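Accompanying notes for the structure given below.
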Amino acid sequence: MLAAERGVSERLLSLLARRGVKSAADLAAFLAPPEEGWHDPSLLPDAASALARVARAQAQGERVLVYGDFDADGLTGLSILVIALRAIGLDAVPYVPERLGDGHGLSLRAVDRAADEGRTLIVTADCGTSSATEIEIARGRGIDVLVTDHHHAASWPAAAVAVVNPQRADSEYPERHLTGAGVAWKVAHLLLRELGDGSSGPTDSGTGAMPQAVRDLADLAIIGTVADVAPLLGENRVIARIGLERLRSGGRPGLAALVERAGLARDRLNADDIGFGIAPRLNAAGRMGEAARAGRLLLATNRPAADELAAELEKANLDRREMTKVALAEARQKLGLQATEVVGAASDVPGTAPEIPDALLVQGEWGVGIVGLIAGRLAEDFGRPAVVATTLDAEAGTLRASCRGGGGINMAEALIECADLLIRHGGHAAAAGFDIAADRWPEFAERFLALASAGPLRPDGPPELALDLVLPADAVDFGLVRELNLLQPCGPGNPTPVVAVRGLRVVRVRSAKGGATQLVLGRTRDVLDAVAFRRPDLAEMLHEGDRIDVVARASARHFGGFESVQLEVIDVSSEGAQLEEHSDPTPSASRVTTQLAESQSAGSRS
C-alpha cells in the first residue's frame, strides 16, 4: 500500500525500512524536495549575537577578515562566508592560513594582519572553538572575533562575540553533524535572509522558500560536507542534494575548472566524485603549501584565471600522491606491517591473521601536510586507530601529529585524556591532531595505546557488509539502478546500496592498472561488465567458466556515447553461498572470498 502510494517498489521499501526509514512520515521526508528539510538558522547557538554583530559592521561600514582552514572543509567554509558578507555590502577579505606558519586554529599572524589593515571583525570558518588565547589577544587590540565551527566543544572562548557551533553542549540546533562548511552555509543563510537587500531571490520569511543566493552557495557547502566525511542524512542530505544540483550547473568558474581538470562528467557528478576527485585536489593544496591558491580558485570570478589555478592545484595533487606513496611504505616498515598484512588481504594460511597492535603509532620525518593521509590509510588498512607524527620544529624539539579513527575510539576525547602531555590539540571523533614536545612522545604513545586497548576494537578482517538486497542475476537492470539512485546522494550514514547477485558465470577476467580486476560476467541471455577495485587477487583466483555469486554495487556506466549497467564488485563466492538481506552485518568480504578459495582448493585436491 505504502509502496504504491509513493511510487516505489516493495524491494526498495524494505531496503529503506532496514535503514530506519519505516513510517509514511519517514518515507515522505526522505523523498521530499530538499528545501523541505532545512532548519531555521536562528536556532544555532549564538545566532542572535552573530547576526547583531554583523549588522553593526554593516551599518558602520567596518572591514572584515574571514579566517578559514587549509583543508577542503575550511576552504569552502571560508569562501561561503566571504561571498555572503560581500553580498550584504561588507569589505570582507579571505585569510587562508599556512599549515606551518599559522597551524590549526586562529593564528596571531592573522590577528596582526587584521590590525594592520584596520579590520575590526574576524569571522572564522571551521575553526576557532579552541582559540581562546588568540581571541582574547584580538579583543585586547580592538578586534572582535565571531567563531563559526563544528569541532568538539567541551568549552568555548568567552572573549568571542559569538561561537556558532552546533557541537556546543548547550546547542538546541536539530542537526549536530554539520561540517565547518555546513555551519558557514547556515550562517550565510541567516545573514542573507536578515541583512540582504532581497535582490538575490525569494526569502524564506513566512513562505518556507530558500533565498536563491543561499542555494547558490550549496555547491561549496557540499564539498566541505563530503570532504569531512559527514553523515549524508538530515540537513547534510539537504546540502548534498542542492549542492549537487548547483555543481552540475557549472556556474562557479573555479569549481567548473576543478571538475574539468579532475576529468569528471559534470552532468553526472555524485558524492563519490567529490570525495575522490574534487576534495583531494583542494586538500592537496593545503598539504603542499598551496592552500592560498585553492582559496583564490574557489573565489575566482572568471574562467581563464580559474583554469590557471586549477592546473597549479593538479600539479600539487600529483606531487602529494608520490610523497604519500613513499611515506606510507616507510611508515609500514617502521611498524613492521607490510602490505600483505592489510586487513582483508588473502593469507597463505587459512584462518590466520597478523598480530596488529590495538593502536598504530609511528614517528618519522615526513611532510607535515601528509601525515593525516598516512594515518588515514593505516587506519583503513589495518582497522586500528592510527597516530602519525613528524618533526614540526627541530630546534624547539616539537612534533606535529595527525590521528585517524578506527576500532571505535573517539579521537577528540582520547586527546582530551592526554591533554596534559600536549602543547595544543583539536579535532573530532574520527580525525584529530596535536602538537607535542618530542621527549613526551613515548609517554603519549603508552597512554594512547592503553586507551585504545580499553575501547571496543574492530575484529581482525575487513568491515562486515550489510547486504541491502539479494537478487538473481537477471534482476540486475536499469530499473534496479534507477530505484537505487533514489537513495542518492550516498555516503556515510547512507551508504551506496550493496547487492548480492546470484548465478553468474565468469566469461572473461583480467588484471587492470591500479590493482583492479576487470570481469565480464554471463547470465541467462547476456553479460554484465564488472570491475573490482583494489582486488588484484581476483584476477588470479577466478577462471573462465567459474560459477560465482558476487557482492557488488550496481551503477550505470557511460562510455563512447553508450550506457550500460556495471557491477563494482566488492567480493565473490562460489555459487550458492549463504547470503541474506539483513540490517545487521552479513558474512564479510574476506570470508566470502575464503569460501571461494576453499572450494577451489577442495576441487584441486579431488
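Just so we're clear, the structure is a prediction, and the values are computed from it rather than from any experiment. Throughout, numbering of the chain's residues begins at 1 and tracks the sequence. Worth knowing before you read on, the calculation uses all heavy atoms, side chains too, and leaves out hydrogens, waters and symmetry mates.
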Heavy atoms, side chains only, cut-off 4.5 Å: are [X] and [Y] in contact?
X      : Y      : answer
Leu232 : Thr225 : yes
Leu13  : Leu27  : yes
Ile83  : Arg252 : yes
Glu172 : Leu43  : no
Leu78  : Leu298 : no
Phe448 : Pro385 : yes
Leu471 : Val501 : no
Ser131 : Thr124 : no

Side chain [X], main chain [Y], donor-acceptor under 3.5 Å:
X      : Y      : answer
Arg404 : Ala431 : no
Asp73  : Gly180 : yes
Arg424 : His104 : yes
Asp529 : Gln566 : no
Asn494 : Leu233 : no
Arg535 : Ile570 : yes
Trp38  : Glu235 : no
Tyr173 : Pro41  : no
Arg287 : Val368 : no
Arg248 : Leu269 : yes

Is the closest basic N to carboxylate O distance between [X] and [Y] below 4.0 Å?
X      : Y      : value
Arg377 : Asp381 : yes
Lys186 : Glu175 : no
Asp216 : Arg246 : yes

Exactly one candidate in Val388, Leu378, Ile374 meets side-chain contact (heavy atoms from CB on, under 4.5 Å) with Leu360; the answer is Leu378

Quick one: which of Leu373, Thr390, Thr324 gives a side-chain contact (heavy atoms from CB on, under 4.5 Å) with Trp366?
Thr390

Identify the two heavy atoms, one from [X] and one from [Y], that lie closest to each other, and give their separation to 0.1 Å.
X      : Y      : result
Ala475 : Leu480 : O-CB, 4.0 Å
Ala556 : Val481 : N-CG1, 3.9 Å
Leu244 : Pro489 : CD1-CB, 3.8 Å
Gly77  : Ala184 : O-CB, 3.6 Å
Pro211 : His189 : CD-NE2, 3.9 Å
Ala414 : Leu451 : O-CD1, 3.8 Å

[atom2] on [Y] to [atom1] on [X], rounded to 0.5 Å:
X      : Y      : atom1 : atom2 : value
Leu255 : Arg266 : CG    : CZ    : 11.5 Å
Phe30  : Leu486 : CZ    : CG    : 8.5 Å
Leu31  : Asp26  : CG    : CG    : 11.0 Å
Cys418 : Ile416 : SG    : CD1   : 10.5 Å
Phe434 : Ser402 : CZ    : OG    : 8.5 Å
Leu299 : Leu75  : CG    : CG    : 9.5 Å

Suppose we screen for side chain to side chain donor-acceptor pair (under 3.5 Å). Which residues come up paired with Ser79, at least two apart in sequence or across chains?
none

With respect to Glu314, which candidate in Arg261, Arg281, Arg320, Arg321 satisfies the salt bridge (Lys or Arg N to Asp or Glu O under 4.0 Å) definition?
Arg281

Matching residue for Asp468 among Arg18, Arg11, Arg19 - test: salt bridge (Lys or Arg N to Asp or Glu O under 4.0 Å)
Arg19

Side chains of residues 270-277: which donor-acceptor pairs under 3.5 Å do they make with residues two or more places apart or in other chains?
| unit_1 | atom_1 | unit_2 | atom_2 | d |
| --- | --- | --- | --- | --- |
| Asn270 | OD1 | Asp272 | N | 3.0 |
| Asn270 | OD1 | Asp273 | N | 2.9 |
| Asp273 | OD2 | Asn270 | N | 3.1 |

Stepwise side-chain contact (heavy atoms from CB on, under 4.5 Å) test for Phe382 and Leu335:
CA-CA 11 Å; Phe382 298 105; Leu335 290 164; 5.9 Å; no

Can you list the steps and then say if Lys325 with Leu328 is a side-chain contact (heavy atoms from CB on, under 4.5 Å)?
CA-CA 5 Å; Lys325 180 180 177 181; Leu328 182 61; over 6 Å; no

Have a look at His150 and tell me which of Thr179, Asn165, Asp228 forms a side-chain hydrogen bond (donor to acceptor under 3.5 Å, both in side chains) with it.
Asp228

Decide yes or no on side-chain contact (heavy atoms from CB on, under 4.5 Å) for Thr76 and Asp126, but give the supporting numbers first.
CA-CA 9 Å; Thr76 51; Asp126 191 34; over 6 Å; no

Decide yes or no on side-chain contact (heavy atoms from CB on, under 4.5 Å) for Gln167 and His151, but give the supporting numbers first.
CA-CA 7 Å; Gln167 291 290 336; His151 290 97; over 6 Å; no

